[in-house]
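Inspection log for the structure reproduced underneath, given as structure tokens.
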Amino acid sequence: MAGAFRAHGLRGMVSERGLEVFQTAVTYQMYHAIALVLVALLSVAGLSRRLLGAAAGFFLAGTLLFSGSLYLLVLTEIRWVGPVTPLGGVCFMVGWALLVAAATRRSIRE
């Protein structure tokens, strides 16, 4: 839905750079929505639910901070949200590290 809004609703309202930034937010939101589905599927595979739950939390926080701050930046031009974006990126990295840790722990036990 956000991608369609970018393609049809924002054209002519924001700069080309704004459209690129909005697309980045949409892309990372979609990647991490898929990652959340992956976490849910892996939770029934015997991986550490504690690590998977933490990974899911970081993916959610990353989406809110990273994509959310970029959406706000493009739609409102409020510049103070720009420094929030890297915090979301860090949350994404922590989430992926926790997911790898969950998978590694599982393969070590087997």
Side-chain angles (χ1 to χ4, degrees):
M1 191 165 66
F5 177 64
R6 178 214 173 263
H8 304 291
L10 289 180
R11 207 160 290 283
M13 294 179 65
V14 299
S15 68
E16 280 299 314
R17 178 68 181 136
L19 291 174
E20 290 173 15
V21 169
F22 198 89
Q23 184 59 48
T24 299
V26 169
T27 301
Y28 277 79
Q29 182 179 350
M30 182 58 68
Y31 288 154
H32 291 88
I34 294 168
L36 286 168
V37 171
L38 176 64
V39 166
L41 293 173
L42 290 174
S43 70
V44 297
L47 274 66
S48 168
R49 288 183 183 232
R50 185 177 60 82
L51 288 174
L52 291 174
F58 276 100
F59 289 148
L60 180 60
T63 299
L64 292 172
L65 294 171
F66 185 88
S67 294
S69 66
L70 292 179
Y71 291 142
L72 278 173
L73 188 63
V74 171
L75 296 174
T76 66
E77 296 185 14
I78 297 172
R79 297 287 173 214
W80 64 264
V81 297
V84 173
T85 307
L87 296 174
V90 170
C91 288
F92 286 151
M93 289 186 278
V94 171
W96 286 109
L98 288 167
L99 187 59
V100 168
T104 303
R105 284 182 125 193
R106 167 69 181 198
S107 46
I108 289 173
R109 288 185 197 154
E110 292 183 339

Test of understanding: clusters of I, L, V, M, F, W, Y form through side-chain heavy atoms closer than 4.5 Å, transitively. Do [X] and [Y] belong to the same one?
| X | Y | answer |
| --- | --- | --- |
| Val26 | Val74 | yes |
| Trp96 | Val39 | yes |
| Leu41 | Val44 | no |
| Leu99 | Leu36 | yes |
| Val37 | Ile34 | no |

Next item on the list: Name the orientation class of the two ring planes belonging to Tyr28 and His32 (parallel below 30°, tilted from 30 to 60°, perpendicular beyond 60°).
Entry: parallel
Enumerate donor-acceptor pairs with a distance under 3.5 Å from any side-chain N or O in residues 49-69 to protein atoms, sequence neighbours excluded.
{"residue": "Arg49", "atom": "NH2", "partner": "Ser43", "partner atom": "O", "Å": "3.3"}
{"residue": "Thr63", "atom": "OG1", "partner": "Phe59", "partner atom": "O", "Å": "2.9"}
{"residue": "Ser67", "atom": "OG", "partner": "Ala25", "partner atom": "O", "Å": "2.8"}
{"residue": "Ser69", "atom": "OG", "partner": "Leu65", "partner atom": "O", "Å": "2.6"}
{"residue": "Ser69", "atom": "OG", "partner": "Phe66", "partner atom": "O", "Å": "3.0"}
{"residue": "Ser69", "atom": "OG", "partner": "Thr85", "partner atom": "OG1", "Å": "2.6"}

Checklist line | Partners meeting side chain to side chain donor-acceptor pair (under 3.5 Å) with Arg17 (sequence neighbours left out) | finding: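 Testing Arg17 for side chain to side chain donor-acceptor pair (under 3.5 Å), a comparison that skips the adjacent residues, returns Glu20.
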Notebook entry, point to check: What pair of heavy atoms forms the shortest contact from Leu70 to Val21, and how long is it?
Noted result: CD2-CG1, 3.7 Å
Result block: side-chain N/O donor-acceptor pairs under 3.5 angstrom for residues 86-95, not counting sequence neighbours:
none

